[in-house]
Amino acid sequence: MIFEFIGGLGIFLFGLKYMGDGLQKTAGDQLRDLLDRFTRNPFMGVISGAVVTALVQSSSTTTVLTVGLVNAGFMSFRQAIGVIMGANIGTTMTAFIIGIDIKEYGLPIIALGSFLLFFFKNKRVASIGQTIFGLGALFVGLETMSGGMKPLRSLEAFSDLTLSMSENPLLGVVIGTLFTVIVQSSSATIGILQELFGQGLMKLDAALPVLFGDNIGTTITAVLAAIGTSISARRAAFVHVIFNVIGAIVFLLLLYPFTLYVEYLQQTLNLDNEMTIAFAHGSFNVANTIIQFPFIGALAYIVTKLIPGQDVVVEYKPKHLDPIFIEQSPSVALDQAKAEVIRMGEYAYQGLESTSQYLNNMNQKHADHALQIEGALNNLDREITEYLVQLSGTSFTEAESTKHSTLMDSVRDIERIGDHFENIIELVNYRISNKVEITEQAMIDLNEMFDLTIVTVKQAISSLDNMDREAALAVVQKEDQIDKMERKYRKKHIIRLNEGACSGTAGIVYVDIISNLERIGDHAVNIAEEVLGEKK
């Protein structure tokens, strides 16, 4: 019985994860775009949160995506609360899928998924195959669990427990919470609840409090994910907990009328037991959202007071690009574009500074900050380039045409700086995971080159901002120093290798870091040459 149950649970969880990953691959970046585009107000946040969660089959994934968007400045904390509420509604989709009586077709569904996975090279078809395979595994796992639970009918201790839960609903909430905390998937525990209720092992008035507890337990994933992360992440996790706890309290107080409502639904719609639990789960989450939706502002205020402070927010969105100037005043639009390019350049050297800190102290928060900046650089590159392309159709003076060309080229160079410090972060990650030791002298050399590179990039952006030829000439000189440093440090590295002071793996990491720094210097000098008018 235990082996069947835990084995079935394992297959169910694997199927759920595999199906969600397949759906996510099929949708690609459209999920984040959906959350970004349709969360202009909390109501649209609820809808987009429900849709995305229904697609990825994981409220935790939606919460993580949402936190990323808040950190990136794409979404306000209040909008994020709406998405989290919607995620609770979307996660009920799994219960409805389980409620459809197609368990006996689990194996043919797996066969179809495998066929698409192994016989088609197209990535999209393979992702669809992964989704179908996951769905089949979910049903096979459920069927296996169901077989393991059948002997519970004759187990007196289990009968006594369900009777206690009918008499004491709070016990049901605690059991539901603890079990979901252990399994870390409310979809799995609700699937188990559907099977127990479907086999007549539990009455409705005992099953509903367990369902409320399942909803509280699912917040543990977000709480664990938020430990040691940003303030926004901790606030989002805390909102998730408060929202579900308040919902459970409200519906415990309304347990009798809610039980009558679910029984009415079952009779009116002629639902089987599994689908009854699915409708109860859906009704609970929709009603909970409707009840708490008017208090989003209050929730945001409470959580902000309980978790004070301000995050370092990296804003992905441009601040200065107003499309109205493209037609009305191209010269003003050019100035707007330049202000955005300078802002992008400031991000680039901030990302370099965080990367340098990560190299030295290996604190993950510095890597996260640098990678956030790299994401912002990619987005700003697209937005600024698109704005400048639209501007190219307007009439320019010769000076404005030169300025336009300078900005187009500079944007590309700044974006490439981001790619190179991302490469360095990956090298540091490799160093950490493989316990690669870099010698003390090598670290001194790396820091010296890093400091010079950061100063060079700063000066390049400053020269572009002020069209300062002297600053641009200084950048050219510093870049020449960076090139000489790279050659000198490569030679020193070879000597260390020959002396056995440095391992081959450490040498690869070291050489790749200085190569990336040298390339960053090249991009800084490209910007300076734009100022000097010497770019070929």
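The analysis underlying the following values was restricted to heavy atoms, covering all of them including side chains, and did not include hydrogens, waters or symmetry mates.
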Any non-hydrogen side-chain atom of [X] less than 4.5 Å from a side-chain atom of [Y]?
X	Y	value
Leu380	Val341	no
Ile109	Phe133	no
Val210	Val173	no

Any sub-3.5 Å donor-acceptor pair from [X]'s side-chain atoms to [Y]'s backbone N or O?
X	Y	answer
Asn122	Val125	yes
Thr92	Gly282	no
Thr53	Ala50	no
Asn361	Asn363	yes
Asn379	Gly375	no
Thr144	Val140	yes
Asn285	His281	yes
Ser48	Met44	yes

Mind listing the closest non-hydrogen atom pair of [X] and [Y] along with its distance?
X	Y	value
Val46	Met85	CG2-CB, 4.2 Å
Ser283	Phe258	CB-CE1, 4.2 Å
Asp205	Leu255	O-CD2, 4.4 Å
Ala137	Gly15	CB-CA, 3.7 Å
Ile414	Ala348	CG2-CB, 3.8 Å
Ala207	Ile277	CB-CD1, 4.1 Å

Problem - Salt bridge present between Glu346 and Arg343 (N-O < 4.0 angstrom) - result: no
Without hydrogens or angle criteria, can the side chains of [X] and [Y] be said to hold a donor-acceptor pair below 3.5 Å?
X	Y	value
Ser354	His369	yes
Asn88	His240	yes
Tyr358	Asp368	no

Problem - The single option from Glu422, Gln350, Met344 passing side-chain contact (heavy atoms from CB on, under 4.5 Å) against Ile373 - result: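 For Ile373, the side-chain contact (heavy atoms from CB on, under 4.5 Å) test succeeds with only one of Glu422, Gln350, Met344, which is Gln350.
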Working to the nearest 0.5 angstrom, can you tell me the gap between [X] [atom1] and [Y] [atom2]?
X	Y	atom1	atom2	answer
Ile216	Ile242	CD1	CD1	12.5 Å
Ile291	Ile246	CD1	CD1	10.5 Å
His366	Gln357	NE2	CD	4.5 Å

Handout entry: Parallel, tilted or perpendicular, as decided by the 30° and 60° cut-offs, for the rings of Phe43 and Phe293
Key = perpendicular
Exercise for the section: Please work out whether the ring planes of Tyr18 and Phe14 are parallel, tilted or perpendicular, with thresholds of 30° and 60°. Expected result: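 Rings of Tyr18 and Phe14: parallel, as their planes differ by under 30°.
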Practice task
Hey, could you give me each pair passing side chain to side chain donor-acceptor pair (under 3.5 Å) that has a residue in residues 291-306? Not counting sequence neighbours.
Solution key: Asn288-Gln292
Pairs under 3.5 angstrom only: tabulate donor-acceptor contacts from the side chains of residues 263-270 to other protein residues two or more places apart or in another chain.
from: Gln266; atom 1: NE2; to: Asn273; atom 2: OD1; distance (Å): 3.0
from: Gln266; atom 1: NE2; to: Thr276; atom 2: OG1; distance (Å): 3.3
from: Thr268; atom 1: OG1; to: Tyr264; atom 2: O; distance (Å): 2.7

Problem - Test side-chain contact (heavy atoms from CB on, under 4.5 Å) applied to Phe197 and Lys203, step by step - result: CA-CA 7 Å; Phe197 187 62; Lys203 290 181 181 177; 5.7 Å; no
Exercise for the section: In sequence, state the C-alpha distance, the side-chain angles, and the governing distance for Ile424 and Leu359, and then conclude on side-chain contact (heavy atoms from CB on, under 4.5 Å). Expected result: CA-CA 8 Å; Ile424 295 171; Leu359 172 69; 5.5 Å; no
